[in-house]
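Take a look at the structure set out below.
Residue numbers begin at 1 in each chain, while the letters A, B, ... track the order of the sequences. All values below come from the heavy atoms of this structure, side chains included, with hydrogens, waters and symmetry mates left out.
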There are 2 protein chains.
Amino acid sequence: MAAAAPPPPPSAAPEPSMAPPETTPIGHPVFTRIRLAIPSDVPFIHKLIHQMAVFERLTHLFSATESSLSSNLFLSPPFHSFTIFLLELSSSPIPPLLSPSPSFTPIEKTFNFDIPLNDPESDAFSIYYGNQQVIIGGFVLFFPNYSTFLGKPGFYVEDLFVRECYRRKGFGKMLLSAVAKQAVKMGYGRVEWVVLDWNVNAITFYEQMGATVLPEWRICRLTGDALQAYQNANV
Amino acid sequence: MAAAAPPPPPSAAPEPSMAPPETTPIGHPVFTRIRLAIPSDVPFIHKLIHQMAVFERLTHLFSATESSLSSNLFLSPPFHSFTIFLLELSSSPIPPLLSPSPSFTPIEKTFNFDIPLNDPESDAFSIYYGNQQVIIGGFVLFFPNYSTFLGKPGFYVEDLFVRECYRRKGFGKMLLSAVAKQAVKMGYGRVEWVVLDWNVNAITFYEQMGATVLPEWRICRLTGDALQAYQNANV
């Protein structure tokens, strides 16, 4: 995949005569896989979360470290607590996992794009399976929540993030539907997440996929000094 | 506690001469305890959730059964997944638990009220420790969530409910602060929940306790047929 390698310097551009004739477009296949994240993925996860904080202009709230992520993730079997799906991309079919999780069969899908995906950060997000370079393109972090009215669990999606150069290609939908599929498989009743009320594009996208945006509920958060103080409200 | 027994019929009312003199008010002590719920509490939990649905005029969304609750709760150690604290009330000191959880030391507090609490449903919410009647007055259900920006978990409070006859006495605050205390104990960064935007009294209450109400976030929910359909978005 073109996206998996740094863009060639101008001097390496192919001669015009080497380009395929316009009447026979070849296309650029992108092989993708959604798999469970594992502890060795933490450096990628940390970088992805930081990019998300930059995108949301919330870096002042970002204090996660690789160490804090490592100590809090992967403590429970997948889907029973905090769970991460990673999106992998490659220009070639992605080799099977050497140690697949019994809890989840990776989801694979092949895309074909008219132009190559140009990934300026491919080196920073590369994994090698043998000689084959595979790129981490995004992630979704989710965990069980519980509806007392339904009397059963659902999944709450805390983060869904696709790196900038891979957006508007259907990868976000692929990650979110993987969560929906897992929810149905487990007999769960809901998948929920939050959206900013001014993000009209996102709201339209979610409504088109069949989600309901609840207009009346507001999130309350107790944190920092107020949390410290309130713990002693009983004393 | 008067609340623990059905109100006496008028014929059983004490003679006026038996009442204490008005100059020496005695008060009505209420001994309370917050403890972890256990599987045998499910019938109480089911009734409490149903009362909550009635209060919120959402019984059309209520489909939980004792069976569904039993099959989905108590599957993980306390605090690692869905966790319930119950509020117990009694007119006498509550006996210690025979099998206390190593994960949580019950929180006890004694209140003193000017008038007895009248509980018309005390029979339906009674537990007996030996001969001593103890009343289930409310519950809070919560579970871990995760902040990727903080790189650590928090608690999400799904439900906080105090039965009608025990409201506006500080019991809700007692339940919520027990969750805050547990969050701090575990090094968690946040406690979060949701509130309806028209519930001004609740919002004022939460803001006074130091919580922030986030104005811009909206909950998105994918459920029912739309969830079933979306799981196949990758195909």
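The residue among B/F82, B/F155, B/F62 with the most heavy atom pairs within less than 4.5 Å of chain A is B/F82. By number of non-hydrogen pairs under 4.5 angstrom with chain A, the leading residue of B/I45, B/T59, B/T65, B/L150 is B/L150. For the options A/D197, A/I203, A/L61, heavy-atom pairs under 4.5 Å to chain B are most numerous at A/D197. Highest contact tally toward chain B, considering only A/S67, A/S147, A/S68, is held by A/S68 [criterion: heavy-atom pairs under 4.5 Å]. Per-residue heavy-atom pair counts under 4.5 Å with chain A were compared for B/C220, B/G151, B/A229, and the maximum is reached by B/C220. Interface remark: of the candidates B/T212, B/T223, B/D159, B/T212 forms the most heavy-atom pairs closer than 4.5 Å to chain A. Your options are A/A180, A/G154, A/A183, and the one with the most heavy-atom pairs under 4.5 Å with chain B is A/A180.
Here the closest non-hydrogen pair linking A/G210 and B/A226 is O-CB, 3.3 Å.
Note that CZ of A/R218 and CD1 of B/I219 are 9.0 Å apart. Values are rounded to the nearest 0.5 Å. In this structure, B/L214 CG and A/R221 CZ are separated by 5.0 Å, a value rounded to the nearest 0.5 Å. The NE2 atom of A/H46 sits 10.5 Å away from the OG1 atom of B/T148 when rounded to the nearest 0.5 Å.
Interface with chain B: from residues 71-81 of chain A, residues A/N72, A/L73 qualify, criterion being any non-hydrogen pair under 4.5 Å.
Contacts of A/F142 with chain B are absent, with no heavy-atom separation under 4.5 Å from either backbone or side chain. In this structure, the portion of B/L141 lying under 4.5 Å from any heavy atom of chain A is its side chain and not its backbone. For B/N145, the parts lying under 4.5 angstrom from a heavy atom of chain A are both the backbone and the side chain. Heavy atoms closer than 4.5 Å to chain B are found in both the backbone and the side chain of A/L58.
Within a 6.0 Å sphere centred on CD of A/E66, heavy atoms belonging to other residues, nucleotides or ligands number more than 12. Heavy atoms of other residues, nucleotides or ligands lying less than 6.0 angstrom from CZ of B/F55 number 12 at most. Around the CG atom of A/N112, the shell of radius 6.0 Å holds more than 12 heavy atoms that belong to other residues, nucleotides or ligands. No more than 12 heavy atoms of other residues, nucleotides or ligands lie within 6.0 Å of CG in B/D225, so this atom counts as exposed by the packing criterion.
With contacts defined as side-chain heavy-atom distances shorter than 4.5 Å, the pair A/F149/B/E56 qualifies. Side-chain contact between B/P144 and A/F143 is absent, with no heavy-atom pair separated by less than 4.5 Å. Between B/V184 and A/Q228, some side-chain heavy-atom pair lies under the 4.5 Å cut-off. Two residues are said to be in side-chain contact when any heavy atoms from C-beta on lie closer than 4.5 Å; A/Y206 and B/L222 fail this criterion. Between A/Y146 and B/L69, the closest side-chain pair of non-hydrogen atoms falls below 4.5 Å.
Under the rule for a side chain to side chain contact (heavy atoms under 4.5 Å, CB included), the partners of A/E121 that lie at least two apart in sequence or sit in another chain are A/Q51, A/D119, A/F125, A/R163. For B/L196, the side chain to side chain contact (heavy atoms under 4.5 Å, CB included) partners at least two apart in sequence or on another chain are A/E216, A/W217, B/W198, B/N199. Annotation: side chain to side chain contact (heavy atoms under 4.5 Å, CB included) contacts of A/F205 (sequence neighbours excluded): A/K173, A/M209, B/Y230.
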